[in-house]
Enquirer: 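What follows is a structure written as structure tokens; I'll ask about it next.
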Amino acid sequence: MAYSDKVLDHYENPRNVGSLDKDDPNVGTGMVGAPACGDVMKLQIKLGENGIIEDAKFKTYGCGSAIASSSLVTEMLKGKTLDEAESIKNSAIAEELALPPVKIHCSVLAEDAIKAAIEDLKSKK
Amino acid sequence: MEFFDIYEIEPSFSISESELKNKYLVLQKKFHPDRFAHSNIEQQKAALINSSLINDAYQVLKDDIKRAKYLLECNEIEITNHTNPEFLIKQMEYEEKIEDHRHDKSELVSIQKELQEELEQYKVNLETNFNKKDFERAAKQINEFIFIDKLHLKIKEKINQLD
């Protein structure tokens, strides 16, 4: 199976790899794992004073598509409100990266990670 | 439970590997398409279908994860994405540890043993829960088992590369 150019780009030059302070009240941490392949994904978002996501970081152990999905998501999240972030669908991620059907679950994992991060953030408020 | 029926084995997580293998050899011989080379086309077709079903069933039944998933599927239990942060953080810490010690064979071997022990414990618990028909709990355990199994395979590969 060949990866699309966009997947390869994110895989080779992942954006926003790293961690934010999980104890910061403005930081939400989402952790999810895909039992289909054993991939583990951590996604963190930092909310600014104005209610806009000002930073996003990720760390993913998994295949190229899982890494690309989380990398893309961190780019998509910056500058969005929580409501906008919550409405990001896995289909948008899959489409942007041209994921083949067998890799759709990687985009689902990324969507679940966004939801988990937002939930964690809201639970701190 | 068709796959278990084919092998005349009681549907359960714990099965005898040697019994399964023996039955596989017997069935495969009985339905091998070569034996039907002189039969009519219908019988040849039937033998081919049986033969591939016997194979499919064997691949599922001999594998702990596939067998557990099959049992859950038959009981209409779905395995969903994992969201327990504590468990996932532990998996990430394992990944980091493996990465940090990728050149240190003795450390890798000791992590491998640790994972192996965890897997054995999960198998015991899976057996208990499948026997109790607590499929919800079994689904949770097989979910975690898959992650640990993947780490275990990964570390074995790394150790082999160092040899």
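Everything numeric in this text was worked out from a predicted model, so none of it was measured. Naming: A, B, ... by sequence-line order, numbering from 1 per chain.
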Enquirer: Which atom pair, heavy atoms only, marks the closest approach of A:P35 to B:I79?
Expert: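 Closest heavy-atom pair between A:P35 and B:I79: CG-CG2, 3.7 Å.
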Enquirer: Check the surroundings of atom NZ in B:K45: do more than 12 heavy atoms from other residues, nucleotides or ligands lie under 6.0 Å from it?
Expert: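 Incorrect, the count does not exceed 12.
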Enquirer: Hey, is NZ on A:K125 packed in by over 12 heavy atoms from elsewhere, all under 6.0 Å?
Expert: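 Result for NZ/A:K125: enclosed.
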Enquirer: Please answer: with hydrophobic residues joined when any side-chain heavy atoms are less than 4.5 Å apart, are A:M41 and A:V73 in the same cluster?
Expert: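 A:M41 and A:V73: separate clusters.
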Enquirer: Test of understanding: with ring-ring contact (aromatic ring centres under 6.0 Å, His included), list the residues that count as partners of B:Y122, not counting sequence neighbours.
Expert: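 So B:Y122 forms no ring-ring contact (aromatic ring centres under 6.0 Å, His included) with any residue.
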Enquirer: Which members of residues 86-120 of chain B, sorted by number, sit under 4.5 angstrom from chain A on a heavy-atom basis?
Expert: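 Hits under 4.5 Å: B:L88, B:I89, B:Q91, B:M92, B:E95, B:E96.
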Enquirer: Please check if A:F58 and A:I88 belong to a single hydrophobic cluster, counting links between Ile, Leu, Val, Met, Phe, Trp and Tyr side chain heavy atoms closer than 4.5 Å.
Expert: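 Both belong to a single hydrophobic cluster.
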Enquirer: Return yes when atom NZ of B:K156 has more than 12 non-hydrogen atoms of other residues, nucleotides or ligands closer than 6.0 Å, and no otherwise.
Expert: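 It does not: B:K156 NZ has 12 such atoms or fewer within range.
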Enquirer: Under 4.5 Å between side-chain heavy atoms, counting indirect links through other Ile/Leu/Val/Met/Phe/Trp/Tyr residues: same cluster for B:V26 and B:F3 or not?
Expert: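 Hydrophobic grouping puts B:V26 apart from B:F3.
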Enquirer: Would you say B:I49 ends up clustered with B:Y58 if hydrophobic residues are merged whenever their side chains have heavy atoms under 4.5 Å apart, either directly or through other cluster members?
Expert: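 Not linked; separate clusters.
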Enquirer: Sort by residue number and list every residue of residues 4-18 of chain A having at least one heavy atom under 4.5 Å from chain B.
Expert: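 Answer by number: none.
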Enquirer: Considering residues, nucleotides and ligands other than A:E54, do more than 12 of their heavy atoms fall under 6.0 Å from its CD?
Expert: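 It does: A:E54 CD has more than 12 such atoms within range.
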Enquirer: Step through the shown structure and confirm whether more than 12 heavy atoms of other residues, nucleotides or ligands are within 6.0 Å of NZ on B:K21.
Expert: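 Open.
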Enquirer: Using a cut-off of 6.0 Å, state whether more than 12 heavy atoms not belonging to B:K154 lie near its atom NZ.
Expert: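 Yes, the 6.0 Å shell around NZ holds more than 12 heavy atoms from other groups.
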Enquirer: Give me the contact list for residues 27-34 of chain A versus chain B, heavy atoms only, anything under 4.5 Å, ordered by residue number.
Expert: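 Within residues 27-34 of chain A, the residues under 4.5 Å from chain B are A:M31, A:V32, A:G33, A:A34.
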Enquirer: Let's test your reading of the structure: which of A:D120, A:D39, A:V108 forms the most heavy-atom pairs below 4.5 Å with chain B?
Expert: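 Looking at each option in turn, the highest pair count goes to A:D39.
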Enquirer: Treat each ILVMFWY residue as a node, draw an edge where side-chain heavy atoms are under 4.5 Å apart, and state whether A:L82 and A:L20 are in one component.
Expert: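 Per the 4.5 Å side-chain linkage, A:L82 and A:L20 are not co-clustered.
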